Amino acid sequence: SLTQKLSQAMKTLRGQSKLTEANLEAVLREVRMALLEADVHVSVARTFLQRVKEKALGAEVMQGLNPAQAFIDIVHRELVEIMGGQAPEHPITFASKPPTVVMMVGLQGAGKTTTCGKLAVFLKKLGRSPLLVPADVYRPAAIEQLHVVAREAGVPSFRTDVKDPVAICAAALAEAKLKGWDTVILDTAGRLHLDEGLMEELVRIKAATSPDEIFFVADAMTGQDAVRSATAFHEKLGITGVVLTKTDGDTRGGAAFSIKQATGQPLKFVGEGEKLEDFQRFHPDRMAQRILG
Amino acid sequence: LLGLRRLDEDQMEELEDLLLQADLGVRAVDQLMARLRFELRGGSEIDPKAVLKDELLKQLRQRPARPFVASGTQVVLLVGVNGVGKTTTLGKLAAHLKARGEGVLVVAGDTFRAAAIDQLERWGERAGVPVIRNQMGGDPAAIAFDGATSAQAKGTPWVLIDTAGRLHTKDHLMKELDKIHRSLQKVIPDAPHRVLLVLDATTGQNGLQQAEVFARTAGVTDLVLTKLDGSAKGGVVVPILDRLKLPIAFVGVGEGVDDLIPFEAEAFVDGLLD
Ligand SMILES: Nc1nc2c(ncn2[C@@H]2O[C@H](COP(=O)(O)OP(=O)(O)OP(=O)(O)O)[C@@H](O)[C@H]2O)c(=O)[nH]1
Ligand SMILES: Nc1nc2c(ncn2[C@@H]2O[C@H](COP(=O)(O)OP(=O)(O)OP(=O)(O)O)[C@@H](O)[C@H]2O)c(=O)[nH]1
Ligand SMILES: [Mg+2]
Ligand SMILES: [Mg+2]
């Protein structure tokens with residue numbers, strides 16, 4: 001574990017009353033290694049370590065009985081702080097005038113369609129009445145999948161013969177206003193941030209529906225690419241939050257830290273299983289513990 | 001002279017960053033950088049990227065892929081964690097084999113996820129091959145048995161079996177794969193002849209855990225690396241190959257039926273170092 005590795009590194013620093021730039025290098029190297037093995041982006045790790053170094057330098061860390069633990073506490077605290085601190089805010093900003101529109105975006109296979117169902121169940125528990133909208137016209141049986149998910153969630157889903165995703169979303173919004181559903185959840189097709197045409201499609205869906213939330217859905221096992229894809233989606237659309245999926249595996253989840261750092265947007269939810277109830281508010285302290293291993 | 005030495009260190013860091021950002025992982029990158037520093041000690045004119053390319057090609061060519069050749073009835077099982085591209089890869093492979101003039105039977109082994117069977121049936125239509133299925137919630141081992149039996153009876157050369165996505169940390173789901181194996185063996189003792197572990201190129205170091213567990217419990221014979229048309233480099237296959245010595249059969253480069261190509265080591269390494 002990182003505590004054990006740091007204890008080893010710190011044995012060589014015993015008898016020194018203060019942490020100095022020189023004696024800190026070995027310790028920082030261990031932390032850097034842990035972060036990189038956890039899939040934290042190279043540049044994000046670099047910036048973070050600089051910040052930790054500043055906090056630790058001159059600290060009285062070395063006076064205590066367990067300098068390794070004290071150092072880890074600094075690292076852990078900083079990580080939690082960056083990933084959302086106390087995260088007291090409500091995860092969804094509801095529109096003053098209904099319906100609230102939530103748009104799900106992300107790379108192929110990240111878990112958007114499943115997350116739409118999970119969010120619907122979550123909102124139903126809060127007394128809201130969501131409408132799910134299948135706007136993925138490309139993937140075979142994607143629309144069917146969304147309807148099945150909606151049925152399992154016990155919420156309505158929008159049905160239409162319209163084939164254009166932008167028109168589907170606009171029509172669904174009009175339907176929601178008419179029929180009184182207070183939350184509209186748009187399931188979009190997975191796409192590469194490199195695909196200009198499909199990224200433009202998202203811009204048009206946004207223009208047609210003025211979403212109150214645009215959630216970037218990301219797979220927790222994503223590696224270094226997390227910064228590239230999240231940044232691209234953010235620059236194009238202005239995402240307002242992130243959902244991290246498949247956290248029920250054993251991936252360390254460094255992508256969470258990378259995405260938060262790269263976009264500055266809040267990590268709102270985690271998907272922790274395939275069932276619709278496997279959905280929770282994001283907890284920065286739990287994620288930090290996992291990343292540090 | 002000192003100025004030149006300083007530039008080299010910045011260049012070394014740049015190269016190390018490039019390799020780390022390709023998801024090669026700390027261990028593999030440390031080894032590559034050590035090899036590079038050794039080569040540079042000689043002081044002679046060395047192209048660092050050429051050294052790295054040479055080392056990476058050596059590692060990636062250890063286990064060349066075995067071509068897919070029809071012989072009796074060959075059973076191919078697609079496995080992997082959720083959302084990596086198993087169903088899509090199966091569809092592309094079915095189309096490719098059919099286009100070669102060889103008979104294919106597709107088996108709907110994902111009886112769990114919403115509309116999984118519908119998705120596979122659409123791919124079957126697209127590829128022009130039959131899909132055998134039961135209802136949702138059915139036992140995947142049972143449909144695998146039916147598929148192998150039917151193919152053997154008709155002399156169909158290829159049986160491609162789709163399975164549900166599953167995280168390698170879920171023991172009961174990994175055990176289900178074992179049950180599918182035993183079910184197939186009742187029909188064809190050597191089946192499955194191929195077990196393709198599908199990996200997403202955006203995956204980080206967890207790819208190594210996935211490969212280790214699936215290799216140990218599902219008898220993986222080949223890897224397929226998908227979504228290489230994105231910006232992710234898929235470098236995690238380097239430590240996977242180093243540890244497990246598995247061949248990479250195909251690479252997925254898009255969502256269309258033709259977007260499955262044979263793994264080509266040099267093109268892949270050029271992509272890593274780009
Ligand atoms: N274990 C686990 N699986 C998940 C989670 N979220 C989604 N999945 C699974 O991941 C796979 C992909 O989910 P989808 O909802 O189809 O993903 P998507 O982003 O809509 O995919 P595309 O529309 O093709 O881009 C499915 O097998 C889901 O059941 C999660 O939190 N944990
Ligand atoms: N860009 C790109 N997308 C791909 C590739 N392979 C698959 N996809 C997409 O990835 C998403 C998931 O593909 P699936 O075939 O449903 O993945 P799966 O592993 O069967 O998913 P589960 O059965 O839910 O575990 C779909 O949107 C596919 O179109 C690829 O090589 N490139
Ligand atoms: Mg989807
Ligand atoms: Mg599938």
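Bear in mind that the values here come from a model prediction, so they are computed numbers and not experimental data. All values below come from the heavy atoms of this structure, side chains included, with hydrogens, waters and symmetry mates left out. We name chains A, B, ... by the order of the sequence lines, and we start the count at 1 in each one.
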request  = Pick whichever of A:Val148, A:Asp195, A:Leu107, A:Leu192 has the most heavy-atom pairs under 4.5 Å with chain B.
outcome  = A:Leu192

message = Assess whether a salt bridge exists between A:Glu277 and A:Lys118, defined as any Lys/Arg side-chain N lying under 4.0 Å from an Asp/Glu carboxylate O.
response = no

key: Side-chain donor-acceptor pair present, A:Asp225, B:Thr202, cut-off under 3.5 Å   = no

ask   = Do you know which of B:Leu20, B:Thr88, B:Asn206 has the most heavy-atom pairs with chain A at a distance under 4.5 angstrom?
value = B:Asn206

inquiry  = For the interface with chain B, which of A:Arg139, A:Arg32, A:His193, A:His147 has the highest count of heavy-atom pairs at distances below 4.5 Å?
reply    = A:Arg139

inquiry  = With chain B as the partner, which of A:Asp248, A:Thr114, A:Asp219 has the greatest number of non-hydrogen pairs under 4.5 Å?
reply    = A:Asp248

Contact summary for A:Ala255 and A:Ala226, nearest pair of heavy atoms = CB-CB, 3.9 Å

remark   = If one checks every heavy atom of B:Gln119 against chain A at 4.5 Å, the contacting part turns out to be both

inquiry  = Is the shortest side-chain heavy-atom distance between A:Phe48 and A:Ile82 below 4.5 Å?
reply    = yes

ask   = Quick one: NZ on B:Lys92 to CG on B:Leu90, what's the gap to the nearest 0.5 Å?
value = 11.5 Å

request  = State which residue, out of A:Leu146, A:Val102, A:Val133, fulfils the side-chain contact (heavy atoms from CB on, under 4.5 Å) condition with A:Cys116.
outcome  = A:Leu146

message = Taking side chain as everything from C-beta outward and backbone as N, CA, C, O, which of these in A:Glu37 sits under 4.5 Å from a heavy atom of chain B? Side chain, backbone, both or neither.
response = both

Heavy-atom proximity to chain A below 4.5 Å, by part of B:Glu255 = side chain

ask   = Counting heavy-atom pairs under 4.5 Å to chain A, which of B:Asp30, B:Thr226, B:Val29, B:Leu167 comes out on top?
value = B:Leu167

query = Between CG of B:Leu56 and CG of B:Leu241, what distance do you get to the nearest 0.5 Å?
reply = 11.0 Å

request  = Please check if any side-chain donor atom of A:Asp250 sits under 3.5 Å from a side-chain acceptor atom of B:His168, or the reverse.
outcome  = yes

query = Of the listed residues (B:Asp229, B:Val236, B:Leu208, B:Leu120), which shares the most heavy-atom pairs with chain A below a 4.5 Å separation?
reply = B:Asp229

pair B:Val76-B:Leu196: side-chain heavy atoms closer than 4.5 Å = yes

message = Report which part of B:Glu16 has an atom under 4.5 Å of a heavy atom belonging to chain A: side chain, backbone, both, or neither.
response = side chain

ask   = Pick from B:Gln209, B:Lys233, B:Gln205: which one has the most heavy-atom pairs with chain A under 4.5 Å?
value = B:Gln205

request  = Nearest 0.5 Å please: distance from the CG atom of A:Leu123 over to the CG atom of A:Leu131.
outcome  = 12.0 Å

note = Smallest heavy-atom separation, B:Phe263 atom then B:Ile248 atom, equals CB-O, 3.2 Å

Region of B:Glu121 in contact with chain A, defined by heavy-atom distances below 4.5 Å = neither

ask   = Does a salt bridge link B:Glu176 with B:Arg166, judged by any charged N lying under 4.0 Å from a carboxylate O?
value = yes

inquiry  = Just to be sure I understand the criterion: a residue of residues 79-87 of chain B counts if one of its heavy atoms is under 4.5 Å from a heavy atom of chain A. Which ones qualify?
reply    = B:Val81, B:Asn82, B:Gly83, B:Val84

Interchain contact, A:Arg151 with chain B, by part (heavy-atom threshold 4.5 Å) = neither

